[in-house]
Amino acid sequence: MNSLDYDAVFDLLLKNSSTCDLLVDLDGNIYRYNDAYKDLIGYDEEEIKHQANTLYVSQEAYEREIAFVDQVLSGEKSDIKFRSSRVTKSGKVVQVEVTSLVFKDHLGHPNFVLKRIVDITEKVQIEEKEKKQQLYLQTILDEMPLNIYFKDLESRFMILSKCNIDFLGCKSIDEVKGKTDFDFFKEEHARQSYEDEQYIIRTGKNIVKEEKEVRKNNKITYALTNKSALKDQDGNIIGTYGISKDITAIKLAEEKTEQMNKMLALKNAKLEETIEELSRTQNKLIFAEKMAALGSLISGIAHEINTPLGAIKASSSNIQDVVEKINVDLPWVINHASPEEISWLFKLINEVDSRDISVFTKEERKRKRDLSALLEDNHIENAPNIADTIVSLRISQSDESILDMMKLPNTQSLLQILKVLSSLKRNTNNIAVSVEKASSVVRALKNYIYKNNKGEYEATNLIETIETVLVLTSNMIKHSKTEIITKFESIPLVFCKQDEMCQIWTNIITNAIQAMGEGGTLEICTTLSNDDIIKICFKDTGCGIAEDVKPRIFEPYFTTKGKGIGTGMGLDISRQIVENHHGKIYFESEIGKGTTFFIEIPINQDAAKIKE
């Protein structure tokens, strides 16, 4: 078959084939190629003919392909398949699979070579990707200090990390492959692992848990394990895989820490008992000082309560007398007074002033004279007494109304009855005022001795606590002729112990009154700083504090007062209370001019605690 015959065959069988086909002479030059190959490389016939090596990545690649072709030319093989590459006209490298067949003449001599080429670029890329993934996986299995394993549907080991092989006490994967956890661990752990893996295979869910691993040699280890389903490319579950991190050291450290915590808890419990006992002792001391301060005030408090009680008693007696008079007067009104007179009586009852009047004002005396003259001019009998009664009852009727009223036949008798009823109203008012005064003292006393049973801080109005102490010390203030000046700015509520605040004010106020002797001024003020600090000042005009005494003012049991007057604990306890509220107490003093105590309490007790 000559070259023309080969061309005919090529045109008939290969020219329109979808496979890339080309004829190459014995020197490796391209003789013919079809349209599929032309589309692959992008060259036309004139550009590529007799220039075969220009289609290769390098000269070495060209020579390597020639070497493969020589194997069929020499008769070693009838055909050969190998991988190579081509460079397209655009410069793109295409990976190809080449199948070479040699065609011989009638004498058996090689005539030319047929190459069938398949573009395997995508296949090569996939293989490269898989190769890299395999490399990454193998690197992880060889280098990561984790127990990594893959198991089949029967929970048999297939692939393991080097760390896991060593962990199981083996030297190679061959010693582990095909075996299960039952070959390496005690029954309990192996059974649980198997059940977990079968659950994953059934449900597709993963499991994360801490495991206690007991091996055949009774060695115990702990692991944090994450197990999941192993799936093929179609998403079918073909086994399980897991990653376990050895946490034995952590668990042992936790056990040791737990033991140490238990020991520390015991020591802390003993320490808390000691602190609690000290706290109870301190509270007893504070309460004793509080009761001592209250004891010094109790006679004055009793006087402040007895005074309104005496007024209540006197008013009650007066009311009893009035009731007896009403028992006599009421039947008379019913039998003798006209409806008009009764209406007039009840109208005036609501108008009269119930206050007790022992002395008339200048205007009232003039009104009484004018009214008496008016009544006399109108020939009303007993005009001076009637005028006195009307003015004392503060009846605010016009002169014409009074004259009309006096024309009624029983007016003078009704005025006397009105005077009796007014007395009843006045005495009940006295009782109400006296009750309120006594209540204020009792309320102040209750606030003073109040103590939160839980010992917790609660929202407190500091100004109200100061006013409570001023009520309780009012008798001492009156007898010492002390003038109290208060300059209270609006301040927010503070979370504190109310009873302890009262104790501070009591100590400072009584000290100030005693330091001033008879007469003096005590100025009390409250301010709020920009730092959310409430500042309370107590400024007296007493004798002042000597320089040698100043360093000892807050010293326990130290006092400058006479024997039996003070315990020397008041200011020390006040200092402790202030510090427990994360505040501070200090003073300024000058001999002959007086002393000022300053107490600063932060509004936000929690923030102050953190800051400390």
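Between the OG atom of S161 and the CE atom of M144 there is a distance of 9.5 Å, given to the nearest 0.5 Å. Atom CD1 of I243 and atom CD1 of I148 lie 5.0 Å apart (nearest 0.5 Å). Here the straight-line distance linking atom CD1 of I504 with atom CD1 of I601 works out to 6.0 Å at 0.5 Å rounding. The distance from the CZ atom of R116 to the CD atom of E97 is 12.5 Å, given to the nearest 0.5 Å. To the nearest 0.5 angstrom, K92 atom NZ is 6.0 Å from T121 atom OG1. Taken from CG in L571 to CZ in F587, the straight-line distance is 9.0 Å, to the nearest 0.5 Å.
Classification of the F597-F554 ring pair by plane angle, with boundaries at 30° and 60°, yields perpendicular. Ring orientation note: the planes of F82 and F68 are close to parallel, at an angle under 30° on the 30°/60° scale. Using cut-offs of 30° and 60° for the angle between ring planes, the F598 and Y586 rings count as parallel.
Put simply, the side chain of T240 reaches to within 4.5 Å of the side chain of I201, judged on heavy atoms. Proximity of I165 to I173: side-chain heavy atoms (C-beta onward) are separated by under 4.5 Å at one or more points. Put simply, the side chain of D181 reaches to within 4.5 Å of the side chain of K151, judged on heavy atoms. Looking at I30 and Y37, their side chains come closer than 4.5 Å, going by heavy atoms from C-beta outward. Using a 4.5 Å heavy-atom cutoff, the side chains of R215 and F167 are in contact. Side-chain contact between I603 and I534: present, with at least one pair of heavy atoms (C-beta onward) separated by less than 4.5 Å. In this structure the side chain of H581 reaches within 4.5 angstrom of the side chain of I577, judged on heavy atoms. K497 is not listed as a side-chain neighbour of N580, based on a closest heavy-atom distance of 4.5 Å or more.
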task: List the steps and the verdict of side chain to side chain donor-acceptor pair (under 3.5 Å) for N34 and S17.
output: CA-CA 7 Å; N34 64 2; S17 172; 4.6 Å; no

Would K270 and E273 satisfy salt bridge (Lys or Arg N to Asp or Glu O under 4.0 Å), going step by step from the backbone distance to the final call? CA-CA 5 Å; K270 291 182 180 179; E273 289 179 6; over 6 Å; no

task = With side-chain contact (heavy atoms from CB on, under 4.5 Å) as the test, would you mind laying out the steps for I159 and Y241 before giving the verdict?
result = CA-CA 9 Å; I159 302 174; Y241 69 94; over 6 Å; no

Determine whether S155 and E197 satisfy the following criterion, side chain to side chain donor-acceptor pair (under 3.5 Å), listing intermediate values before the conclusion.
CA-CA 7 Å; S155 293; E197 289 155 4; 2.8 Å; yes

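Among all heavy-atom pairs drawn from D196 and E211, the shortest one is OD2-OE2, 4.4 Å. Across every non-hydrogen atom of K227 and I200, the tightest pair is CB-CD1, 3.4 Å. Scanning all heavy atoms of the two residues, the minimum distance from A36 to S18 falls at CB-O, 3.6 Å.
One finds a salt bridge joining D572 and R575 here, because a Lys/Arg side-chain nitrogen approaches an Asp/Glu carboxylate oxygen to under 4.0 Å. Using a cutoff of 4.0 Å between basic side-chain nitrogens and carboxylate oxygens, K131 and E128 are scored as salt-bridged.
Donor-acceptor pairing under 3.5 Å is lacking for the side chains of T19 and D21. Between T221 and E213, the side chains place a donor N or O and an acceptor N or O closer than 3.5 Å (distance only, hydrogens not considered). Defined by atom type and a distance below 3.5 Å, a donor-acceptor pair is missing between the side-chain atoms of N507 and Q503. Side-chain contact of E65 with S84: a donor-acceptor pair under 3.5 Å is present, judged by distance alone. No side-chain N or O of Y56 forms a donor-acceptor pair with one of E63 less than 3.5 Å apart. There is no side-chain donor-acceptor pair under 3.5 Å between K245 and N226.
The local environment of CD in Q133 is crowded, with over 12 non-hydrogen atoms from other residues, nucleotides or ligands closer than 6.0 Å. Counting heavy atoms of neighbouring residues, nucleotides and ligands inside a 6.0 Å radius, atom CD of E122 does not exceed 12 of them.
Because its NZ or CZ atom is not both nearer than 6.0 Å to the ring centre of Y222 and within 45° of the ring axis, K212 does not count as a cation-pi partner of that residue.
With Q198 contributing its side chain and S193 its backbone, the two residues share no donor-acceptor pair below 3.5 Å. At least one donor-acceptor pair closer than 3.5 Å links the side chain of K216 to the backbone N or O of F182.
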